[in-house]
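These notes are about the structure you will find just below.
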Amino acid sequence: MQHIWIVLGVLFVLLNIAAGLIWLERRMLAMWQDRLGPNRAGPLGILIVLADTLKLFFKEDWIPPFADKWVFITAPAIVVASVLMSFVIIPFSPSIIVSDLNVGILFFLAMSSLGVYSIVLGGWASNNKYSLLGALRGASQMIAYEVFMGLSLMGIVMLTGSFKLSDIVNAQKDVWFVFKQPVALVIFFIAGVAETHRLPFDIPEAESELIAGFHSEYSGMKFGMFFIGEYLGVTLISAMTATMFFGGWLGPAFLPPWAWFFIKTFAFILFFILLRASLPRPRYDQLMETGWKVLLPLVLLNLMVTGAIALWIRG
Amino acid sequence: MGTAQILFWSLTALALISAIMVLVSKNPVYSVLWLIVVFFAISGHYILLNAQFLAIVNLIVYAGAIMVLFLFVIMLMNLNTETEPQKSIWMKFFGVVAGGLLLSFFISFVISSADLKGKSAQLKEGEIGLIKTLGKALFNDYVIPFEIASILFLSAMVGAVVIGKKD
Amino acid sequence: MTEQQLMALLPFMVLAAASIVIILLIAFRQGHTVIQVTGFLLMCLVIFAMWYVRGVLPQTIAPLLIVDGFGALFTGLIVFCVLVVGLFSYIYFEEREENPREYYILIFLSTLGAAILTISRHFMSFFIGLELLSISLYALIAYLRTRNNAIEAGIKYLVLAALTSAFLLFGMALIYMETGSMDFAVIAQRLNAAGKSSALFLTGFGVMMVAVGFKLALVPFHLWAADVYQGAPSPVASFIATVSKVGVFAVFLRFCQELHLQNNSAVMMLISAVAILSMISGNILALRQQNLKRLLAYSSIAHFGYLLVAFLPGNNTGVEAAVFYLTAYAITILAAFGIIILLSPGEKDADSLSMYRGLFWDKPFMAIVLTVALLSLAGIPLTAGFIGKFYVLTAGVEQRAWLPVIVLVITSVIGLYYYLRIISTIFADSPVTIQKERSLNQFFYTASYAALVVLTLLLFGIGVMPAVIIQGIKQFLVIDR
């Protein structure tokens, strides 16, 4: 019975965070770009969330007649479903975790692989040149960076000896993995930004370059779903970074564990928004080249060195 | 029926129906999507057999990577019913007959095999599906095919680049 | 793994290292000649490694591999074939504009796959070796991708090979379901312990035969052979005709020997049916061919039908006859394809029969080599092919397998027609000169001619004095188990 409360609680908190990010992102972007941002609706502009959501709900739900109806409808659902599923394994505190799977990290990688489908299917179902182009580029970017994401986490698995996220958090009791695996942190974060196709890796959307990329034809709540999916993805990568590299819910005792977890996650969410505010977008071929020619050798080197040092330490 | 039975039969039904839909769909992209559903059902079966690693890796590799590449190719090929040559109705008929005969052979052999009689779907317990056991077996007993499989990937990569590069 | 096991694997490790060395050479921008010579030397190194480790054989590397005399024999044959194919490839690829350097990587990887097949004693190594062999071949067949038939041949081979691999896996799964193990020896034990013949095993074996039949181009899985031989570059076609078939035949022979399948009458009926059909259709389909490569493809189908007749008895004579026949066949095919390669002008292959009209008056040496090769394929005395057929007939008659033997004789006579037709074309009146720019390395031409001379002498030598080879084979087959 308690389990149902955990599930419902996690779902509630996540969806609120995703909605709250609408406001947070626009205010923080504004702050870093030296302007005001939404400040009319409600105190500090916080009711903008309500306004945006109501607007999306009440918009006409139009499916283009030239689009492939069923695939068009399923595409946004896939991204939200897969990202929400990924939250199943994340330990919010020693007792709040929806399901502590034996294959936790692999489950996370599986769900992020499934996220590629939303882009590909969304772009194809729209039956529109720009969408298809955005979709194919986005899909190849996501598949490439998935590889690096997985491999960068394998160093931590080697040090912990387990795929379970609770084991990984417990293994960081004396020193956080950020000090033991700095290269892996950098690569994981870069790959994570590419996976959620946020700036500077937002070729799939490519505002002002490809109209709106793979979601050009989407409007109303389906568009809203894509955006919820993106914000949930940002939260997911921040949560994973906090868990894997920065100790998750570990912290001095004057705050409860879940508070530490949220503080660390929010720090990374802010970092995501900072990236969006400051970096330019690289070209598509530069993106792919850097990935395969720089990041892949680095992550393999990291794996080898970690393995060597782990063997040496174990005697 | 216990939970295991219900899960087993529903996953089986899902897998079979999706597999038939793969064959029957008019649109090749729909076939790929139904195939992805088949893979989910098979991963479910693996979990029932306690083969955890296999289930997840099936999802990552098959449903997550290979099917995306299938989708790429199919989307770029732009197949239409009008432009594709249709097979004659007799070929389809004889195909179904031959396949059905083969299926009935297999089913009859499996059913008549003595030690499968009377067993129904069970959950598998034990250590064998865990990643730890798999890792130990892979790197101790089966290290040679592991290395040869890596050479296999090398040959596939070289072959793909040789055929695919433009110059 | 003990040190002895590692020693026994040394030739295979050298083979794997060969492809890595070639990759590094390409990365350091070496030319075609350097890579060709290095490849040749590395293959010689593999043969040397095999000679070097002969003291530790037989070694079982549980659970998948066994390096014994049987495996050494077939691996030796495979490496010899690759040596010759590699040598001929230089001439062929120099005259074509495609970058030939990656070709060597793929050839060596394919050879590694075939070599693993010869030493495998477990379904898993069977499958991995088969896939390694096939995947490299997909790219090799379509290598000259701007030619007409190359991509078509590549796709045909790819789709069919992938399909039959699926059948292979399903057959293996059925046999595993029956016996609970994938190890050949353990399967044999469990089947014997079960007593009565198992229907599930028969079904599994039948399904596995689909894959084996595809790779060996047996009827009814032979439809790919002619198109692939025609579309692939000639060295690759000769590779498929020799190495890939030798590898698959080796593992199939080992499987049937371990399980004593010769005593299983249902399996033997299946194999004799396939053999008879292959002999008949291979010979009949070749009768009207005007294209030499397609004709060689159809005659390969027939030859593997003859080979299966030797395989039926399963006693020692049968195995020796099969190995001898395979050796003679490999040498013959290498000689025939060598001629085709040397005669191929820049753009197309020399595969149309009209190109061979009056070859004797123009290039007598090549004409003689081709004639000897064709006579050996036909089974005329004084050549290795005759001794091979003789042995096969002996083995078949010993076992009183009358129907296959009679079909063998009749179809050999039918086959004589098209071989003699080519020979008469070669000696015909009006010579057609094939213009070729000899702008290349005279050294490699001389080397290829030398290789052809060696092959022809081997053909005659084996035909006249087969005892040496047969003694050698007997010796190898004794050092096992």
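What you are looking at is a predicted structure, and each value in this text was computed from that prediction instead of being measured. Naming: A, B, ... by sequence-line order, numbering from 1 per chain.
- Side-chain contact between Leu112(C) and Ile148(B) is absent, with no heavy-atom pair separated by less than 4.5 Å.
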**OP:** Check step by step if side-chain contact (heavy atoms from CB on, under 4.5 Å) holds for Leu64(C) and Asp141(B).
**Re:** CA-CA 9 Å; Leu64(C) 274 92; Asp141(B) 301 328; over 6 Å; no
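- A 6.0 Å sphere centred on CG of Leu101(B) holds more than 12 heavy atoms belonging to other residues, nucleotides or ligands.
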**OP:** Applying side-chain contact (heavy atoms from CB on, under 4.5 Å), run through Leu154(B) and Ile23(C) and close with a yes or a no.
**Re:** CA-CA 11 Å; Leu154(B) 177 68; Ile23(C) 292 183; 4.0 Å; yes
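- A 6.0 Å sphere centred on CZ of Phe70(B) holds no more than 12 heavy atoms belonging to other residues, nucleotides or ligands.
- Leu9(C) contributes atom CG, which lies 4.5 Å from atom CD1 of Ile144(B) (distance to the nearest 0.5 angstrom).
- Arg145(C) and Lys165(B) get closest at one heavy-atom pair: NH1-O, 2.5 Å.
- Phe105(B) contributes atom CZ, which lies 12.5 Å from atom CG of Leu200(C) (distance to the nearest 0.5 angstrom).
- The distance from atom CD1 of Ile128(C) to atom CZ of Phe146(B), rounded to the nearest 0.5 Å, is 10.5 Å.
- Within 6.0 Å of OH in Tyr30(B) there are more than 12 heavy atoms belonging to other residues, nucleotides or ligands.
- Atom CG of Leu7(B) sits in a crowded spot, with more than 12 heavy atoms from other residues, nucleotides or ligands closer than 6.0 Å.
- Here the shortest heavy-atom pairing between Gly159(B) and Leu106(C) reads N-CD2, 4.0 Å.
- Listed in order of number, the residues of residues 135-144 of chain C that approach chain B to under 4.5 Å between heavy atoms are Ile135(C), Ser136(C), Ala139(C), Ala142(C), Tyr143(C).
- Residue-environment remark: CZ (Phe205(C)) exceeds the threshold of 12 foreign heavy atoms within 6.0 Å.
- When each of Val207(C), Ile151(C), Leu109(C), Leu132(C) is scored by its heavy-atom pairs under 4.5 Å with chain B, the top score falls to Leu132(C).
- Under the ring pair (Phe, Tyr, Trp, His ring centres under 6.0 Å) criterion, Phe93(B) pairs with no residue, sequence neighbours left out.
- Taking non-hydrogen atoms and a 4.5 Å limit, the residue list of residues 116-127 of chain C in contact with chain B, ordered by number, reads Ile116(C), Met124(C).
- Partners of Asn149(C) under the side-chain hydrogen bond (donor to acceptor under 3.5 Å, both in side chains) rule, at least two apart in sequence or in another chain, do not exist in this structure.
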